[in-house]
Structure formats: structure tokens, C-alpha cells
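Notes to accompany the following structure.
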Amino acid sequence: ESVDVFKRMAGEKAVDYIEDGMLVGLGSGSTVYWMLKKLGELVEQGLNVNGISSSSLTESWAREFKIPLTDFSDVQLLDLAIDGADEIDPSFHLIKGGGGSLVREKVVNAHSKKLIIVADQSKRVDVLGKFPLPVEVLQFGWQMTANKIVELGAKPVLREENGSVYVSDNGNYILDCAFESIPDPENLHNKLKQLIGVIETGLFFDMVDMVIMGGPEGTVVINK
Ligand code: DER
């Protein structure tokens with residue numbers, strides 16, 4: 001269906017920015033899937049890259065596509081990270097975490113010289129917040145953490161998957177927090193990070209260098 005076509009367009013276009021010998025941060029999600037598939041084809045044709053995965057699912061896709069993998073014990077700075085997003089505002093601030101990998105995604109993206117976001121056009125918003133903000137929290141005492149988030153104006157919902165509570169790759173819970181509108185992402189992120197029990201938030205600000213958007217007019221590349 002057309003959204004998947006738009007995702008595929010954006011994901012495949014991002015591979016144009018991967019040069020031979022690069023260390024690449026591999027994001028997560030269904031748009032990144034198409035980037036990984038295309039990258040695997042280039043690796044098969046001889047492109048030399050090493051990737052660090054931001055989730056167990058991405059790792060399984062990378063192995064399926066025979067993309068060589070490394071880790072932070074060998075590599076401390078990546079040349080390029082390519083990742084998806086749930087919302088992108090005009091300043092390139094993001095909401096991420098719909099796929100549950102926001103913590104490792106933020107670690108990978110923060111340790112990369114350049115970050116490219118790939119998305120279908122529906123991810124573009126004027127103000128962040130319609131998409132509930134994923135917040136990763138310690139399992140221990142999560143109810144108290146949720147109560148503190150309520151005081152910040154949200155309605156946190158404990159994420160479930162297949163009828164049981166979702167547990168992240170890091171062994172934590174995720175609260176999906178409906179703030180409705182987040183005009184000042186940095187301020188909200190800082191308030192959330194101060195709460196005892198909050199591990200990380202899905203607010204990514206001042207991290208993105210380029211956005212590649214797939215839509216009916218084709219693929220649009222927007223530099224910061
Ligand atoms: O969880 C994330 O941040 C992922 O990047 C994901 O939400 C992106 O969504 P997609 O599956 O539409 O690419």
C-alpha cells in the first residue's frame with residue numbers, strides 16, 4: 001500500500017550516502033528495513049561497511065542481509081547513522097520509540113558524526129505530540145514514575161505487546177505518554193529525565209542532519 005512504497009523510497013535513497021569503509025549506525029523500524037535490504041545488496045556487490053544495530057530486530061535483519069556487524073567495544077564513533085521516526089517537526093526535532101528501541105537508537109545516533117532520518121511523508125508535523133511520547137522506565141516502581149509524568153500533564157499508558165507487558169531490549173518498561181502537544185521538546189525532555197525511574201525519552205532534538213522523505217511527488221531530501 002502507498003505508505004510502504006513511500007517508506008521504501010526513503011529507505012533505499014539513504015543508502016546513496018553510505019560510502020565504502022563507513023561505520024554505520026543501523027536504526028530500527030519498517031522504513032529502515034528497506035535501507036537494510038538495499039544495503040545488503042551493495043554489500044553483496046562488494047561495498048565494505050560495518051554496522052552497529054539499535055535493536056535485536058535490526059540485528060536479525062542485518063544478519064539476514066549479510067551486513068557485517070561490530071559493536072561499541074571496537075568502535076566509539078560512527079560515520080553515519082540512518083534511522084526512522086514517528087514524528088518530525090520543522091526544526092528536525094523528533095518523536096521516536098514507536099518500535100520500542102528508543103534508548104539504543106539514541107545511543108547509536110548520539111555517537112555518529114551524521115544522522116539521516118528516513119520516513120514517509122505522514123511523519124511530518126508542525127508541532128510534536130500527537131503521537132504519544134514513548135518514555136523508557138525502570139520496571140521497579142514504574143507506577144510512581146507514571147504518577148510523576150501525570151503531574152507533567154500527560155496520560156501515561158504502560159505498553160503491552162501480544163497481551164503482556166512489553167519489555168525493551170534493555171529489560172525496561174515503556175510508558176506511552178499522551179502530551180497532545182509538545183512545543184518545547186528540550187524543556188519537556190529535561191523535566192522527564194530528572195524523574196527517578198526514567199531511563200530515556202523518545203524526544204530527539206538537535207541530532208538530525210538530513211531528512212529523506214518519501215511521498216507521492218517522489219523522494220525529497222531536506223538538509224538541516
Ligand atoms: O521506534 C522508532 O523510533 C522507529 O524508528 C520507528 O518508530 C519508525 O517507524 P517506521 O516503522 O514507520 O519506520
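We count residues from 1, following the sequence as given. Source: prediction; values computed, not measured. Just follow the structure's listing: the first ligand is 1, and inside any ligand the first atom is 1.
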Whether Asn170 side chain and Asn172 backbone form a donor-acceptor pair below 3.5 Å: no
Contact check, side chains of Lys66 and Glu44, non-hydrogen atoms, under 4.5 Å: no
Salt bridge Asp4-Lys7, side-chain N to carboxylate O under 4.0 Å: no
Charged N-O contact under 4.0 Å between Glu200 and Lys193: yes
Atoms in ligand 1 flagged as close to Lys96, the criterion being non-hydrogen separation under 4.0 Å: 2 (C), 3 (O), 4 (C), 5 (O)
Element-labelled atoms of ligand 1 that are located less than 4.0 Å from some non-hydrogen atom of Asp83: 5 (O)
Ser55 side chain to Asp169 side chain, donor-acceptor N/O pair below 3.5 angstrom: no
Ligand-side contact atoms (ligand 1) for residue partner Gly98, heavy atom cut-off under 4.0 Å: 1 (O), 2 (C), 7 (O)
Heavy atom of the protein closest to atom 9 (O) of ligand 1 (residue, atom name, distance): Lys123 NZ, 3.4 Å
Atom indices of ligand 1, in the order listed, that fall short of 4.0 Å to a heavy atom of Lys7: 10 (P), 11 (O), 12 (O)
Atom 4 (C) of ligand 1 [closest protein heavy-atom partner, distance rounded to 0.1 Å]: Ser28 O, 3.3 Å
Minimum-distance protein heavy atom relative to atom 1 (O) of ligand 1: Gly99 N, 2.7 Å
Side-chain H-bond candidate by donor/acceptor type, Ser101 with Ser54, under 3.5 Å: no
Donor-acceptor contact present, side-chain Lys106 to main-chain Gly202, <3.5 Å: no
Structural part of Val32 in contact with ligand 1, heavy atom criterion under 4.0 angstrom: neither
Contact check: Gly97 vs ligand 1, nitrogen or oxygen atoms, below 3.5 angstrom: yes
Smallest separation among heavy atoms of Val127 and Ser181, with atom names: CG1-OG, 3.5 Å
For ligand 1, the portion of Ala85 having any non-hydrogen atom under 4.0 Å away: backbone
Proximity flag Asp86 to ligand 1, non-hydrogen atoms under 4.0 Å: yes
Which residue and heavy atom of the protein sit nearest atom 13 (O) of ligand 1, plus the separation: Thr31 OG1, 2.8 Å
Ile52 and Thr70, any side-chain heavy atoms less than 4.5 Å apart: yes
Element-labelled atoms of ligand 1 that are located less than 4.0 Å from some non-hydrogen atom of Ser30: 10 (P), 11 (O), 12 (O), 13 (O)
Ligand 1 atoms in contact with Glu105 (distance to a heavy atom under 4.0 Å): 1 (O), 2 (C), 3 (O), 4 (C), 5 (O)
Atoms of ligand 1 close to Gly84 [distance to a heavy atom under 4.0 angstrom, numbered from 1]: 5 (O)
Charged N-O contact under 4.0 Å between Lys224 and Asp209: no
